[in-house]
Amino acid sequence: MAASSLGQTEINWDKLDKSKFYVVGAGIFTGLTVGLYPVSVIKTRLQVATRDTVEKSASSVIRGILKTDGVPGLYRGFGTVITGAVPARIIFLTALETTKVTAFKMVEPFNFSEPTQAALANGIGGMTASLCSQAVFVPIDLISQRLMVQGYSGHEKYNGGLDVARKIIRTDGIRGFYRGFGLSVMTYSPSSAVWWASYGSSQRIIWRLLGQGTDREEAAPSKSTIMLVQATGGIIAGATASCITTPLDTIKTRLQVMGHERRSSARQVVINLIKDDGWTGFYKGLGPRFFSMSAWGTTMILAYEYLT
């Protein structure tokens, strides 16, 4: 398969049926949010667990939630998240694809290798898209995380998302909804950039290992092969991005769930984390985060194939 043919396996915004994407895609992302939400709850609880917390593993967190709240406990804050998740994802994907096309044109004159061009263009697109979506996502993330950990490890209890919002406004005003915004940008923008850069480059490396991407083979790969390679690239990207950015995510999560009476700076959060758990504490919730990132990205890519 020649290099030009290899480009046909890339996610291409121009090939996408936009109306179908916004309608069917919203349904797919909603279903995925439902399926993966418990993973986010487990990850968040692991990240805020202190030295005195009994539940310090994913299995113990699950048992604790089921024992006290049943299955609904795994969906604390879900209503808040679903309100903003679909708009945020659509903003993200729209910005991603429109930016990526421009980024590819920018790096093309430098004559980098194909995997490097893919990594740079996908990385720039992912970072830009994340910056655009954070304006919607951060307030939703902050409210949902407080609901996820309410009553856990000494955290305040609330009567739903509106109660969280009222208390935030009363203590911090509107800017309280953007507590940890800088860390969110520092977490999700690099995370998105690393994910898409890893995905773009790993996909091309996999194709080369399969003997594709050269002038010797002109036959286009089958749809199933394309989807398998893309899914594998998504898993590799999820592993890479989660390993690199989980420390920032842990700091951000701890900062955002703190009530007004327990307010700390990011520096103090880091000091307390090292004091309680050592450097390994920065990787709390790595397993659930890797699973969630891999599943989100891979499903998004497979959804794209369905929608084109």
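- Under the 3.5 Å distance criterion, with hydrogens and angles disregarded, no donor-acceptor pair is assigned to the side chains of S184 and T187.
- With a 4.5 Å cut-off on side-chain heavy atoms, F177 and D172 do not count as touching.
- T80 and I140 make their closest contact through O-CG2, 3.5 Å (heavy atoms, listed as atom of the first residue, atom of the second, distance).
- Side-chain atoms of T116 do not come within 3.5 Å of backbone N or O of F112 as any donor-acceptor pair.
- Judged by distance alone, with hydrogens and angles left aside, the side-chain atoms of S60 form a donor-acceptor pair with the main-chain N or O of S57 at under 3.5 Å.
- The two residues L183 and A266 come nearest to each other via the heavy atoms CD1-CB, 4.1 Å.
- The distance from the CD1 atom of I271 to the CG atom of D276 is 12.0 Å, given to the nearest 0.5 Å.
- A donor-acceptor contact shorter than 3.5 Å is absent between the side chain of R45 and the backbone of V61.
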In sequence, state the C-alpha distance, the side-chain angles, and the governing distance for F104 and L120, and then conclude on side chain to side chain contact (heavy atoms under 4.5 Å, CB included). CA-CA 8 Å; F104 264 113; L120 289 172; over 6 Å; no

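- Panel note: side chain T298, backbone S294; a donor-acceptor pair is recorded below 3.5 Å.
- At most 12 heavy atoms of other shown residues, nucleotides or ligands fall within 6.0 angstrom of atom CZ in F291.
- In the displayed structure, L162 atom CG is contacted under 6.0 Å by at most 12 heavy atoms of other residues, nucleotides or ligands.
- Atom CG of residue L36 and atom NZ of residue K43 lie 12.5 Å apart, to the nearest 0.5 angstrom.
- A donor-acceptor pair under 3.5 Å is formed between the side chain of S144 and the backbone N or O of D141.
- Of all non-hydrogen atoms in T250 and F282, the two that sit nearest each other are OG1-O, 3.0 Å.
- Placement of V41 and V34 within a single hydrophobic cluster is found when ILVMFWY residues are connected by side-chain heavy-atom separations under 4.5 Å, directly or transitively.
- Shown here for A129 and A95, the closest heavy-atom pair between the two residues is CA-CB, 3.7 Å.
- Here D249 contributes atom CG and Q47 contributes atom CD; the two are 4.5 Å apart, rounded to the nearest 0.5 Å.
- Rounded to the nearest 0.5 angstrom, F181 CZ and L255 CG are separated by 14.0 Å.
- Here the CE atom belonging to M127 is positioned 15.5 Å from the CH2 atom belonging to W195, to the nearest 0.5 angstrom.
- The NZ atom of K252 sits 4.0 Å away from the CD atom of Q256 when rounded to the nearest 0.5 Å.
- A side-chain donor-acceptor contact under 3.5 Å links R289 and T245.
- Counting all heavy atoms, side chain and backbone alike, P288 lies closest to I42 at CG-CG2, 4.3 Å.
- A heavy-atom distance below 4.5 Å is not found between the side chains of Y75 and D69.
- Here the side chain of K284 pairs a donor or acceptor atom with the backbone of A49 at under 3.5 angstrom.
- Side-chain N or O atoms of Y199 include none that pairs as donor or acceptor with a backbone N or O of V194 at under 3.5 Å.
- A donor-acceptor pair under 3.5 Å is absent between the side-chain atoms of Q203 and the main chain of V229, judged by distance alone.
- When side chains are defined from C-beta on, L46 does not count as touching Y283, because their heavy atoms never get closer than 4.5 Å.
- Of all heavy-atom pairs between S202 and S198, the closest is OG-O, 2.6 Å.
- Side-chain contact check for L74 versus Y37: every heavy-atom pair is 4.5 Å or farther apart.
- Under the 3.5 Å distance criterion, the side-chain polar atoms of Q150 are matched with a main-chain donor or acceptor of Y158.
- Without hydrogens or angle criteria, R146 side chain to V164 main chain gives no donor-acceptor distance under 3.5 Å.
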